[in-house]
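Reading through the structure tokens given below for one structure.
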Amino acid sequence: MINFDHAAATQPLPEVVDVMKPFLYEQFGNPSSMYVEGQAVKEAIEAARTNVAELIHSNPNEIYFTASGSEANNFALKGVAFANQKKGNHIIISAIEHFSVLQAAKSLTKLGFEVTHVPVDAQGFVNPDDVKKAITDQTILVSLMHANHEIGTIEPIAEIARVVKERDILFHTDAVQTAGTIPVDVDELQVDLLSMAAQNFYGPKGAGALYIRKGTRINPLIDGGIQENGRRAGTENVMGIVGMGKAAELAIQQLPERIQHVQNLRDQLIIGIEANIDEVFFHGSRENRLPNNANFGFRYIEGESILLFLGMDKIVASSGSACTSKALKASHVLLAIGASHEIANGTILFTLGIDNEEGHIKLLLEKLPVYVQRLREMSPLYEKK
Amino acid sequence: MINFDHAAATQPLPEVVDVMKPFLYEQFGNPSSMYVEGQAVKEAIEAARTNVAELIHSNPNEIYFTASGSEANNFALKGVAFANQKKGNHIIISAIEHFSVLQAAKSLTKLGFEVTHVPVDAQGFVNPDDVKKAITDQTILVSLMHANHEIGTIEPIAEIARVVKERDILFHTDAVQTAGTIPVDVDELQVDLLSMAAQNFYGPKGAGALYIRKGTRINPLIDGGIQENGRRAGTENVMGIVGMGKAAELAIQQLPERIQHVQNLRDQLIIGIEANIDEVFFHGSRENRLPNNANFGFRYIEGESILLFLGMDKIVASSGSACTSKALKASHVLLAIGASHEIANGTILFTLGIDNEEGHIKLLLEKLPVYVQRLREMSPLYEKK
Amino acid sequence: MTQYSEKVMDHFMNPRNVGEIENADGEGTVGNPSCGDIMKMYIKVEKDVIVEARFKTFGCGAAIATSSMATEMIKGRTIDEAMELTNEAVTEALGGLPKVKRHCSVLAEQALQSALDDYFKKKGLPSPIILKPEEEVHDH
Amino acid sequence: MTQYSEKVMDHFMNPRNVGEIENADGEGTVGNPSCGDIMKMYIKVEKDVIVEARFKTFGCGAAIATSSMATEMIKGRTIDEAMELTNEAVTEALGGLPKVKRHCSVLAEQALQSALDDYFKKKGLPSPIILKPEEEVHDH
Ligand SMILES: Cc1ncc(COP(=O)(O)O)c(C=O)c1O
Ligand SMILES: Cc1ncc(COP(=O)(O)O)c(C=O)c1O
């Protein structure tokens with residue numbers, strides 16, 4: 001299988017699997033107990049916390065493990081909203097956030113909160129001025145993603161933070177696509193909260209974390225229990241946490257080479273597609289972009305059928321098409337940057353990883369133009385020139 | 001190690017570990033994707049769902065996987081509260097619920113909900129009449145645990161359900177201590193929602209589930225995403241889910257023999273302690289009791305120091321003592337059944353599992369009386385007779 | 001490789017009857033790009049028998065496969081027979097479709113109905129066909 | 001086996017100076033069962049020197065070990081020296097205590113202070129000791 005769908009999940013590295021295995025069975029013990037077995041488990045969790053903290057240049061006591069990026073996002077939005085409702089009821093997010101932010105915000109509107117969705121430009125950038133204008137004296141939280149999961153645009157978080165922090169408003173960023181993929185520093189970004197997910201940097205599924213800057217007012221999403229310093233109840237997924245820690249450690253070590261590797265391949269892919277296929281739309285920014293992300297709209301044809309052809313060559317990618325989304329709706333991100341329904345439905349997202357090789361790009365560039373042409377010839381929208 | 005602390009966590013069975021292992025690494029695939037790899041993962045998740053459904057005599061489409069019992073409890077309470085707030089704002093729980101229910105309810109009081117804590121009698125039973133009296137025309141949810149995690153008392157859920165269901169009120173039960181341990185049938189219990197956790201029946205940590213009866217109005221706790229039928233967002237912890245499924249399957253097969261095994265040992269333990277140590281308080285009901293649970297207050301002495309002595313013989317148990325709770329408070333369950341602080345602090349909880357043997361009980365009964373006597377002789381509260 | 005049956009994949013990879021028919025006796029288009037599918041169907045009719053059927057489709061694998069199968073199924077059939085063709089029959093002929101893709105087979109039925117409707121109208125006959133409004137075709 | 005150091009476990013398993021002193025020169029009790037710890041300390045004083053010290057403790061491992069260590073540390077010391085004994089010194093002598101158990105060492109200091117206070121009072125001397133209220137002893 002040639003995986004160009006790393007934004008959805010990366011395969012855990014062997015080193016990650018190795019540290020997890022003992023916790024399947026042997027390393028049994030309750031981390032909250034007074035016994036040594038439990039203490040060993042606790043130490044493993046705290047070591048993982050330290051690694052995850054280092055990944056984003058924060059402190060271990062600011063890291064709260066969750067079961068997913070979605071949980072981290074819900075924790076941030078709902079936790080801050082409920083804890084600060086005496087201060088205000090207004091939240092600002094962007095139009096291109098992940099569904100877990102969009103829907104968490106929507107749920108809050110049913111509980112008396114107000115949500116402003118700031119727009120993005122044609123490349124997917126939020127304009128700091130728009131955020132500034134959206135702020136009211138009721139604003140308690142701004143939540144803007146660090147990089148978009150579809151079009152790869154990296155938002156000017158630090159610049160926006162200046163606007164937000166002037167006003168004593170909490171700032172959350174969804175860094176699921178950046179933590180472990182590009183350098184992330186909570187102090188440079190000036191954020192108070194930041195969401196991560198292990199499956200995005202060669203860690204296990206079912207492990208995420210929320211960074212909460214010391215002193216931030218936030219309520220638990222999952223109440224009860226003493227785990228995670230009283231902020232997230234529930235018996236810990238020890239294996240997942242330990243795997244996330246190892247994945248963070250490896251990411252810290254390997255980040256520069258990983259970035260170079262995927263960016264090099266990604267650039268070959270972009271150049272190749274633009275040279276060999278006409279009427280393609282490049283989505284997102286060419287400069288401020290995730291190094292592993294390429295996103296193209298292929299005019300006149302639909303995404304799932306492109307993926308099906310690629311699948312015959314064991315090439316896996318993702319699509320902005322309504323047909324491949326379980327909600328059967330075209331990507332809200334693509335529509336927000338002004339893509340037509342036709343283009344959104346004909347969009348393919350390629351996200352690269354460390355397991356990709358030049359041969360993969362070669363094969364793709366050999367096959368894709370053929371498939372695109374075949375599908376266009378079947379399309380009622382296409383007129384051969 | 002001799003484990004008498006199975007209420008905290010059980011060790012995953014080898015069969016459970018075996019089904020989980022492939023998902024560590026090889027069985028890689030996104031269950032929401034259109035590819036076969038993803039489809040295989042999806043099928044594994046659905047098979048697990050079917051097993052968990054069978055464990056409590058429900059349907060697979062009524063099972064929603066979570067990361068823990070605590071998440072299931074928070075999901076039930078907050079999800080029902082927010083979805084039904086137009087109907088009313090009153091919730092009834094008992095005084096001896098798990099912290100995840102108590103604290104979730106407490107959080108809701110800060111959002112305009114009202115919570116009544118019905119009392120329990122000296123054996124820990126909720127009286128159906130008390131529930132009936134507590135119901136108002138604002139009541140939208142009653143949440144009462146199936147069996148208590150400390151004193152082992154099994155509540156008359158079906159009887160209480162009759163009172164609750166007369167009034168078109170939703171009924172949730174926290175079955176973390178019963179699902180997989182004793183027979184649980186959602187139709188017999190007449191509950192609308194039921195929480196479970198895999199680590200309580202020889203499954204992995206970090207895997208739980210909420211049963212939601214078809215047609216129940218509930219909001220997600222974790223919004224966004226299409227996973228779990230849109231009711232719980234986040235990349236699935238595939239390994240945990242698959243492990244929980246296998247653990248459920250094994251529990252269904254082995255329940256009668258497991259019960260007989262632990263109950264037999266447990267009864268030896270109770271008889272032995274009562275015969276060999278004076279001034280002990282038996283907590284909970286002798287009849288309607290979890291088969292693996294024995295809970296005793298040892299007068300004049302403190303629980304942690306008893307556990308420390310037992311620990312020298314590699315015997316692990318749990319205590320109601322303030323010293324062993326991370327909150328440094330004596331068990332709220334013991335106080336609710338009328339135990340004094342002295343007794344609560346001197347209480348030891350023994351919870352048995354399938355890995356216990358007669359030899360374990362023998363050793364305990366040989367050692368414990370000696371340790372109790374040594375500690376009593378150090379105690380300023382004790383006067384030798 | 002995918003959630004589709006072999007037969008669906010065969011009709012997707014090697015679609016039958018792709019193309020247009022100039023001066024077709026009936027021609028119908030359903031769907032729109034916002035739903036992700038557009039189907040255009042053409043029929044040529046001789047003595048009440050469909051002698052040729054072609055299609056062009058913008059859409060997913062199921063949309064293309066059902067277009068292909070539907071055109072295959074009406075070739076050589078009388079107009080009356082074609083009018084009886086249901087989406088269930090197309091789906092069955094394809095060896096089933098994933099649940100989320102059922103609407104594509106409905107689209108194929110609708111494209112055919114629309115082409116038949118056009119056929120009656122072109123002949124100046126009262127059309128016995130009641131076209132369903134677009135929204136019902138796509139239930140998403 | 002546990003979170004405690006070997007030294008703590010030694011003093012817990014083999015506590016020194018357990019017991020009462022009849023007609024003690026000073027005697028003090030601190031804590032209460034709701035906190036989970038009660039310490040009772042007895043001292044026998046000859047010529048300003050503590051010649052004997054005993055304790056009885058209801059409490060956790062750390063409470064018993066600090067009682068044992070504290071009594072060891074004051075034996076043979078003058079009253080003035082004993083007054084200087086801090087909870088930090090007891091903790092250090094035990095090779096440290098887990099963070100959540102620090103309050104136990106505070107309790108030992110308080111029990112000693114209370115016994116010394118009693119000693120002064122029994123002698124009819126003004127006590128230089130300011131006893132902290134119970135709540136400050138236990139911070140939970
Ligand atoms: C009765 C009861 N409910 C809920 C829970 C919480 O389960 P988890 O630790 O999986 O969050 C427990 C934990 O032991 C429990 O005993
Ligand atoms: C930007 C972004 N945020 C949040 C999430 C949710 O992460 P998870 O699937 O771990 O819940 C994703 C998932 O890919 C994502 O891309």
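Each chain gets a letter, A, B and so on, in the order its sequence line appears, and its residues count up from 1.
Both the backbone and the side chain of Pro14(A) come within contact range of chain B, each with at least one heavy atom under 4.5 Å from a heavy atom of that chain. With a 4.5 Å cut-off on non-hydrogen atoms, Ser68(A) touches chain B through its side chain but not through its backbone. Of the atoms belonging to Leu221(A), heavy atoms from both backbone and side chain fall under 4.5 Å from chain B. Proximity to chain B is limited to the side chain of Asn74(A), based on heavy atoms less than 4.5 angstrom apart.
Comparing Asn219(B), Leu13(B), Ile222(B), Ile241(B) by heavy-atom pairs within less than 4.5 Å of chain A, the highest count is held by Ile222(B).
Partners of Glu15(B) according to the salt bridge (charged side-chain N to carboxylate O under 4.0 Å, His left out) rule, which considers only residues two or more places apart in sequence or in another chain, do not exist here.
Sorted by first and then second residue, the salt bridge (Lys or Arg N to Asp or Glu O under 4.0 Å) pairs with a member in residues 67-81 of chain B read Asp223(A)-Lys78(B), Glu71(B)-Arg232(B); sequence neighbours excluded.
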Item to complete: Report the C-alpha distance between Met239(B) and Met239(A) in whole Å, list the side-chain angles of each, state the deciding distance to 0.1 Å, and finish with yes or no for side-chain contact (heavy atoms from CB on, under 4.5 Å).
Response: CA-CA 10 Å; Met239(B) 223 182 341; Met239(A) 224 183 340; 4.2 Å; yes
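Other residues, nucleotides and ligands contribute only 12 or fewer heavy atoms inside 6.0 Å of the NZ atom of Lys106(B).
Taking CG of Asn237(A) as the reference point, atom CG of Asn237(B) lies at 5.0 Å (rounded to 0.5 Å).
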